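Everything below concerns the one structure shown next.
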Amino acid sequence: MRPVKRVRITQPSPTEKPTFPRLYSALRDHYGQQDWWPGDSPFEVMVGAILTQNTAWSNVEKALANLVAADVLSLTHMLRLPEPDLAALIRPAGYFNLKARRLQNLCRWLHNCGGVMALSSWETGRLRDALLGVNGVGMETADDILLYALDRDVFVVDSYTRRFFARIGITDGGDAYDSLRATVERELGGGARVFAQFHALIIAHGKALCRKKPLCDTCPLRSICAFVRASA
DNA sequence: ACCCAGGGTCATA
DNA sequence: TATGACCATGGG
């Protein structure tokens, strides 16, 4: 009989390519539960998704606070707010004229759909296509909305995620958006909760440690980093 | 004075 | 398909 193969539990071999489930476990064990996208309502999350385009979240918070103070952070109120007024309120988020128009585009689409609640009967793929049809909503923004506002089983790929995966060596960095998204959804699995955690964990890791450092000796994900070293 | 941050659209080749 | 210009604020 063949010898029993010992399974390595805590330290995977450095020559073994990391998988998405292993990467997820390692991140979760080190950073714990993330509560990444604050928002009191799906509509507020949607608004945040537009406002955060190429913009630091700290600036988005100021814009959202202005909207709350003006009592226009709801579909019906924002819908009838003149665009210049909206632009003035979201000024701290940058690109305020552009984003005011994009928010109004989103509001008009939501209104035509019969409101946010009416979206619950839509199949995810059809909903994604419809969102992408709104001028100002690209793939990442659409997926932010699907995952964080509507709780759909979608993984969000942002430029940060792309860099991180390429650095770890789990992808080559040249994948198209949809290809990478589908790969993570298939190979990681677990649905909306897991996808939301994974994306948040990647950002948490980046902000904590690996920004502007090719590799880090203090990286808590030693097994992953060891692989990168071995394959560098 | 830079550089960048939780992007997307549009014009051009 | 693939670049480049453009949008604009605030924090490091």
Side-chain angles (χ1 to χ4, degrees), chain A residues 24 27 31 33-40 42-67 69-70 83-109 128-152 154-168 172-181 184 192-214:
Chain A
Y24 175 74
L27 287 166
Y31 295 103
Q33 187 78 11
Q34 302 292 308
D35 194 22
W36 194 53
W37 198 304
D40 295 330
F43 181 74
E44 180 175 340
V45 174
M46 293 184 194
V47 171
I50 299 277
L51 293 179
T52 197
Q53 289 171 351
N54 202 38
T55 299
W57 184 255
S58 57
N59 286 358
V60 176
E61 287 181 316
K62 292 167 186 160
L64 286 172
N66 287 346
L67 295 174
E83 199 173 294
D85 296 355
L86 180 55
L89 289 170
I90 65 172
R91 188 183 182 91
Y95 307 133
F96 45 84
N97 290 315
L98 187 60
K99 287 174 178 175
R101 194 179 330 129
R102 291 179 177 180
L103 285 173
Q104 298 283 29
N105 291 343
L106 182 66
C107 285
R108 279 191 289 272
W109 175 77
R128 188 169 193 268
D129 289 340
L131 280 165
L132 290 174
V134 178
N135 188 294
V137 176
M139 288 192 281
E140 184 180 337
T141 304
D143 291 339
D144 277 338
I145 290 173
L146 288 168
L147 178 60
Y148 290 103
L150 303 175
D151 203 35
R152 302 300 179 113
V154 166
F155 178 71
V156 178
V157 177
D158 63 2
S159 55
Y160 200 102
T161 304
R162 224 174 248 289
R163 283 199 302 272
F164 179 69
F165 286 171
R167 173 177 297 163
I168 290 299
D172 59 17
D175 300 276
Y177 183 102
D178 272 326
S179 166
L180 185 52
R181 178 175 66 84
V184 174
R193 289 292 155 71
V194 172
F195 298 151
Q197 284 298 302
F198 192 37
H199 187 250
L201 285 164
I202 289 165
I203 306 300
H205 177 60
K207 292 197 167 171
L209 293 173
C210 282
R211 180 172 310 196
K212 294 186 175 175
K213 285 197 279 184

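Naming: A, B, ... by sequence-line order, numbering from 1 per chain. All figures in this text were calculated on a predicted structure; none of them were measured in a lab.
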Starting the side chain at C-beta, find the nucleotide from [options] nearest to [X].
X      : options              : answer
A:S58  : C:dG11, B:dG6, B:dA5 : C:dG11
A:N135 : B:dC10, B:dA5, C:dA8 : B:dC10
A:T141 : B:dG6, C:dT9, B:dG7  : B:dG7

Does [X] reach a base, just sugar-phosphate, or nothing at all? Heavy atoms under 4.0 Å.
X      : value
A:N97  : sugar-phosphate
A:I203 : nothing
A:N59  : base
A:V60  : nothing

Which one is paired to B:dA1, where only Watson-Crick or G-U wobble pairs with both distances under 3.5 angstrom count?
-> none
For atom [atom1] of [X] and atom [atom2] of [N], their distance in whole Å:
X      : N      : atom1 : atom2 : answer
A:L51  : B:dG6  : CG    : P     : 14 Å
A:L64  : C:dG10 : CG    : C1'   : 15 Å
A:R101 : C:dA8  : CZ    : C1'   : 14 Å
A:R102 : B:dG6  : CZ    : P     : 17 Å
A:E83  : C:dC7  : CD    : C1'   : 14 Å
A:K99  : C:dA8  : NZ    : P     : 9 Å
A:E61  : B:dG6  : CD    : P     : 11 Å
A:W36  : B:dA5  : CH2   : P     : 13 Å

Do A:D144 and A:T141 have side-chain N/O donor and acceptor atoms under 3.5 Å apart?
-> no
Under 3.5 Å, is there a donor-acceptor pair between the A:R102 and A:N105 side chains?
-> no
Could you tell me whether the side chain of [X] and the main chain of [Y] form a donor-acceptor pair under 3.5 Å?
X      : Y     : result
A:R101 : A:A87 : no
A:Q197 : A:Q34 : yes
A:K99  : A:A93 : yes

Are the ring of A:W57 and the base ring of B:dG6 both nearer than 5.5 Å at their centres and tilted by less than 30°?
-> yes
Which value, in whole Å, describes the distance between the C1' atoms of nucleotides C:dA5 and B:dG6?
-> 23 Å
What distance, rounded to whole Å, do you find between the two P atoms, one in B:dG8 and one in C:dG10?
-> 22 Å
Quick one: on DNA chain B, does A:H199 or A:V137 contact a more 5' nucleotide (nearest heavy atom)?
-> A:H199
For A:P38 and A:V134, take the nucleotide of DNA chain B holding the closest heavy atom to each; which residue's nucleotide lies nearer the 5' end?
-> A:P38
Short side-chain N/O contact from [X] to OP1 or OP2 of [N], under 4.0 Å:
X     : N      : answer
A:N54 : C:dT9  : no
A:T55 : C:dG10 : no
A:K62 : C:dG11 : yes

A:R128 and A:D143 have their tightest heavy-atom pair at NE-OD1, 2.8 Å
